[in-house]
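Worksheet: the structure to be examined is printed underneath.
For ligands, and for the atoms within them, numbers begin at 1 and follow the listed sequence. Quantities reported herein were computed from a predicted structural model and do not represent experimental measurements.
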Amino acid sequence: MNKILVTGGCGYIGVHTIVDLAQNGYEVISVDDNSRSSMDILKGAGEIIGKKIKNYVVDLCNLKETENIFEENKDITGIIHFAAFKAVGESVEKPLMYFENNLTSLVNVLKCAAKYNVPHFVFSSSCTVYGSPDAIPVTEETPQKPAESPYGATKQMGEVIVNATVKSTPIQAILLRYFNPVGAHPSIKIGEIPLGKPANLVPAITQTAIGKWPTMQVWGTDYPTRDGSCLRDYIHICDIAHAHTLALNYLFEKKLKQNPEIFNLGTGDGYTVLEVIHAFEKMSGVKLNYQLGPRRAGDVVAIYANNNKAKSELGWNPQYNLDDMMASAWKWELKLKNESSQGATS
Ligand code: WQD
């Protein structure tokens, strides 16, 4: 059984990917310093797959501590690297913290992959590397524009670092460019747990609908789109997770046509902010309290994926539609509320 190290394994995408990997025959271990996550989420993952997931609580910016993981697990044959800070707004306020954390951790993990002869590496990239594209949908060959935030710049630089590393080591790599991951596992034993007030659209919708916040803002309704609000490619977290399993299969089966190989992970459909809100209201029956606000700095007007390459090369077929995404996100929010009220009474 191939052993895979998932960095950032207690994060939203990491934990869903751990479940999919385990359900598809991989042995998985996690490393996550829990600076922005909790190991509790691995309990839910363990319940789904029927076994405990080991997590190393290690800061990947500490090379010695990171090496210790590989000393203890000489049989790691693949790495999926999620661990990074990912709040766009915070990255504008604290760019050096983002460059230091996101790039030092990546460099250390790649150093270990080379030193311990780990042959396969999957990098968690993002559609944010395209900046504001001239034409949509974007393909993997769409030229990158300047990143809209330091967070986006760390993803662009991360791709450069992986590119240079695979040319100077035997490592085989895949870059996965996610569009907007949303929703929760159908079991609702795992899902997204934003820290503080959510910046991302879907948790902002569900937390406002559940009453955590009195209202929310629609950031900008004067954009050149069909209803004036920004357009994005929302993709269910389980579809994103399964793409990682397919990417590892692709690497182990030595199908790589170029190193690294890049794949867009989006549905290929774009929805505006207002369309997502209306889809949520229709699915949940909840009237959402939102206000039409000003534009948010750094927002791209519109972007969605051409996902033909992932479909044809990886055999990836997104299973969930926008309603499924809204329904699973809402069920997860209801569960969190139920747990916190039970916690309050117990
Ligand atoms: C989507 C749209 C907002 C909240 C970023 C990163 C991407 C990934 C996901 C990490 C925008 C609007 C949002 C709200 C709103 N990051 N919005 N009211 O900015 O497309 O992508 O997060 O994995 O790499 O770039 O996602 O969900 O923040 O925003 O109107 O309360 O929703 O202005 O138009 P984004 P988002």
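Of the heavy atoms in N200, both backbone and side-chain atoms come closer than 4.0 Å to ligand 1. Residue V202 does not touch ligand 1, judged by heavy-atom distances below 4.0 Å. Within the 4.0 Å heavy-atom criterion, the part of D299 lying near ligand 1 is the side chain and not the backbone. Counting heavy atoms closer than 4.0 Å to ligand 1, residue Q217 contributes backbone atoms (N, CA, C, O) but none from C-beta onward.
Short contacts between ligand 1 and C230, defined as distances under 4.0 Å to a heavy atom of the residue, involve ligand atoms 34 (O). Listed by number with element, the atoms of ligand 1 under 4.0 angstrom from any heavy atom of A204 are 31 (O). Atoms of ligand 1 lying under 4.0 Å from at least one heavy atom of V218, given by number and element, are 30 (O). Taking every non-hydrogen atom of V273 and a distance limit under 4.0 Å, the qualifying atoms of ligand 1 come out as 2 (C), 12 (C), 30 (O), 32 (O), 34 (O). Residue-ligand proximity, S126 to ligand 1, at heavy-atom distances under 4.0 Å covers atoms 7 (C), 24 (O).
Ligand 1 has Y151 within reach: a non-hydrogen atom of the residue lies less than 4.0 Å from it. Heavy atoms of Y234 come nearer than 4.0 angstrom to ligand 1 in at least one pair.
In this structure, K155 satisfies the cation-pi test against F123, with its NZ or CZ atom closer than 6.0 Å to the six-membered ring centre and inside 45 degrees of the ring normal. In this structure, K54 is positioned above the aromatic face of Y56, its NZ or CZ under 6.0 Å from the six-membered ring centre and within 45° of the axis.
The protein non-hydrogen atom at the shortest distance from atom 27 (O) of ligand 1 is L201 N, 2.8 Å. When hydrogens are left out, the protein atom nearest atom 21 (O) of ligand 1 is N180 ND2, 3.7 Å; that is the closest non-hydrogen contact. Here the protein heavy atom with the shortest distance to atom 19 (O) of ligand 1 is R296 NH2, 2.9 Å. When only non-hydrogen protein atoms are considered, atom 30 (O) of ligand 1 lies nearest to W219 N, 2.9 Å. Of the protein's heavy atoms, R232 NE, 2.6 Å lies nearest to atom 20 (O) of ligand 1.
Using cut-offs of 30° and 60° on the angle between ring planes, the pair F252 and Y26 is tilted. The aromatic rings of H244 and Y178 sit tilted, their planes meeting at an angle between 30° and 60°.
Remark: the backbone N or O of L334 is not paired with any side-chain donor or acceptor of N338 at under 3.5 angstrom. With hydrogens and angles ignored, the 3.5 Å screen pairs no side-chain donor or acceptor of D20 with any backbone N or O of L246.
Among V88, T128, V276, D233, the residue whose heavy atom sits closest to atom 6 (C) of ligand 1 is V88. Scanning P198, A199, S149 for the heavy atom closest to atom 4 (C) of ligand 1 points to A199.
Aromatic pair Y250/F263: centroids less than 6.0 angstrom apart.
The one candidate from I79, T17, V122 that meets the side chain to side chain contact (heavy atoms under 4.5 Å, CB included) condition with L248 is V122.
Between E333 and K212 no salt bridge is recorded (no basic side-chain N to carboxylate O distance below 4.0 Å). K189 and E47 are joined by a salt bridge, as a carboxylate oxygen and a charged side-chain nitrogen come within less than 4.0 angstrom of each other. We find that K255 and E261 are not joined by a salt bridge, their nearest charged nitrogen and carboxylate oxygen being 4.0 Å or further apart.
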